Amino acid sequence: MNKIVLSLSLFLLLGTAVQAQKYFTRQGKVSFFSETPVENIEAHNGKATSVVDAESGKMEFAILIKAFQFEKALMQEHFNENYMESSTYPKATFKGQFDNWGSVDLTKDGTYPVDVSGDMTIHGVTQPVKAEGEIVVEGGKVKGHSTFNLTVANYDIEIPSVVRENIAKTVRVDVDVDYQPLDRG
Amino acid sequence: MKYLLPILITALFTMGSQAQEDDLLSLLGEEEETVEYVNAAFKTNRVINLHSLESTSAGVLDIKISHRFGTLNRGAYELFGLDNATIRIGGDYGITDQLTIGLGRSSFQKTYDGFVKYKFLRQSTGAKKMPLTAAFFASTALQTMKWQNPDRENYFSSRLYYTFQMIVGRKFSESFSLQLSPTVVHRNLVKTSAESNDVFALAAAGRIKITKRLALNAEYIYVLPDQLLPGFRNSLSVGFDIETGGHVFQLHFTNSTSMIAPGFVAQTVENWGDGGIHFGFNVSRVFTVVKPKFD
């Protein structure tokens, strides 16, 4: 009896210790690009937070809309005031998982193509999103990269007719993240 | 056995709690609070004639073309004032997000003006809470009309006007902003000894945002009594801001002809009561001269 309880306890404790490995960042880079014949618009945000659970392959992202920086100050103001309404909807979030997490080995250097799927919430509207990306493991460091497209109209973002020619219906989003192991103190 | 059971229970609980972690981001704990500055209390750096709480952003040149037509009470013969126009052409430039400089030339009394505006308090929430925005504004105006009495000795300094103003206000909500501006206009030369060289006034201005791209603005400038001759009036203006991509169109009605402080504070003569109202507009177009660096 004693032995059974002992081995069960040890197993569970070890199990938890191994499973606890998570990776995070607070400085993830997220950029988007809108390209039309009239003008190209891009915005950059270097303050995305993200956590990846290395055991389950689940991941989350959160980003402050106000932290997006534009080349044109007025554009940044309009982005916040008129389109994203960032005082009402301060954050965009993504909750999802790597669909082929089994093929990623974080203990071995390499570039692993990954498929990500989950729920993207922007401007208070949640939509399912699928994206392709890469996990790069290099000397124990874990990096993630993905490029995908978002359709502006899916998120109830209203674009008035005067600037309809200036803003693309689909914007390209680039995500670039250097993860660090999360110490759980 | 006595010790192992609690360990087992603890281990089981730890397992349990980990299995339920579906909110991964909460593992990072409380986010560091950042300072969030409140932006866009007004659509542009002018309310109508008055300077608003807003500054021109760093590296941005804001070209402004402003018209005030004649008064509505001129009737159909002058198409309700549209046959006459007073104009100011100017440019404002943001040296930093808080420091703006500007130059302009008004057809009203052929006046050049230059200003400096420094926003020293910024309304903010988050890590630093500041309920108000406050700016200091100083301008010099140079009137270049021909001397009325060329025969007597005229001084260059007689052409100069100075304005000093504090602009204090708050964006109370997304749709409502209000500001107060204690103002002094100094005139080196006045026509009669009954007029004071320094004119003290208190200006109030507000905005109600009607839709995302349309706002209703109003401003009133109360000149303290016994400084101006009878016949001079307080300036009252009401108008709309219409915003498109890079332009802001301000369409308004005002009893002032001039678009700079020495004029609209101390030289407003028309009266709303008898139709002495000018239709007018300011058109603002911004150009990004210096592109910001991204973090």
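Not measured: the values here are computed from a predicted model. Numbered from 1 within each chain, the chains take letters A, B, ... in sequence-line order.
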Beyond-backbone contact of B:Pro292 with A:Gln69, side-chain heavy atoms, under 4.5 angstrom
no

Return yes if a side-chain donor-acceptor contact under 3.5 Å exists between B:Thr288 and A:Glu71, otherwise no.
no

Least distance between heavy atoms, B:Leu25 atom then A:Ala62 atom:
CD1-CB, 3.5 Å

Heavy-atom distance under 4.5 Å to chain B: side chain of A:Met75, backbone, both or neither?
neither

Would one find more than 12 heavy atoms of other residues, nucleotides or ligands at under 6.0 Å from atom CD of A:Gln27?
no

Applying ring-ring contact (aromatic ring centres under 6.0 Å, His included), which residue pairs with at least one partner in residues 40-63 of chain B are found, sequence neighbours left out?
B:His51-B:Phe115, B:His51-B:Phe137

Against chain B, label A:Ser56 side chain, backbone, both or neither, depending on which of its atoms sit under 4.5 Å from a heavy atom there.
neither

Non-hydrogen atoms of chain B under 4.5 Å away: do they reach the side chain of A:Ser87, the backbone, both or neither?
side chain

What part of A:Tyr83 gets within 4.5 angstrom of chain B, counting heavy atoms only: side chain, backbone, both, or neither?
side chain

Looking at every non-hydrogen atom in both residues, tell me the closest pair between A:Lys58 and B:Leu24 and how far apart they are.
O-CD1, 3.6 Å

Would you say A:Glu132 has more than 12 foreign heavy atoms packed within less than 6.0 Å of its CD?
no

Validation row: B:Thr34, A:Lys66 side chains within 4.5 angstrom (heavy atoms):
no

Does atom NZ of A:Lys91 have more than 12 heavy-atom neighbours from other groups under 6.0 Å away?
no

If I take atom CG from residue A:Leu74 and atom OG1 from residue B:Thr44, how far apart are they, to the nearest 0.5 angstrom?
8.5 Å

Taking B:Lys212 as the fixed residue, which of A:His78, A:Glu158, A:Glu81 is the one that meets the side chain to side chain contact (heavy atoms under 4.5 Å, CB included) rule?
A:Glu158

Examine the side chains of A:Gln76 and B:Asn39 and answer whether a donor and an acceptor come within less than 3.5 Å of each other.
no

For the interface with chain B, which of A:Pro160, A:Ala67, A:Ala73, A:Ser50 has the highest count of heavy-atom pairs at distances below 4.5 Å?
A:Pro160

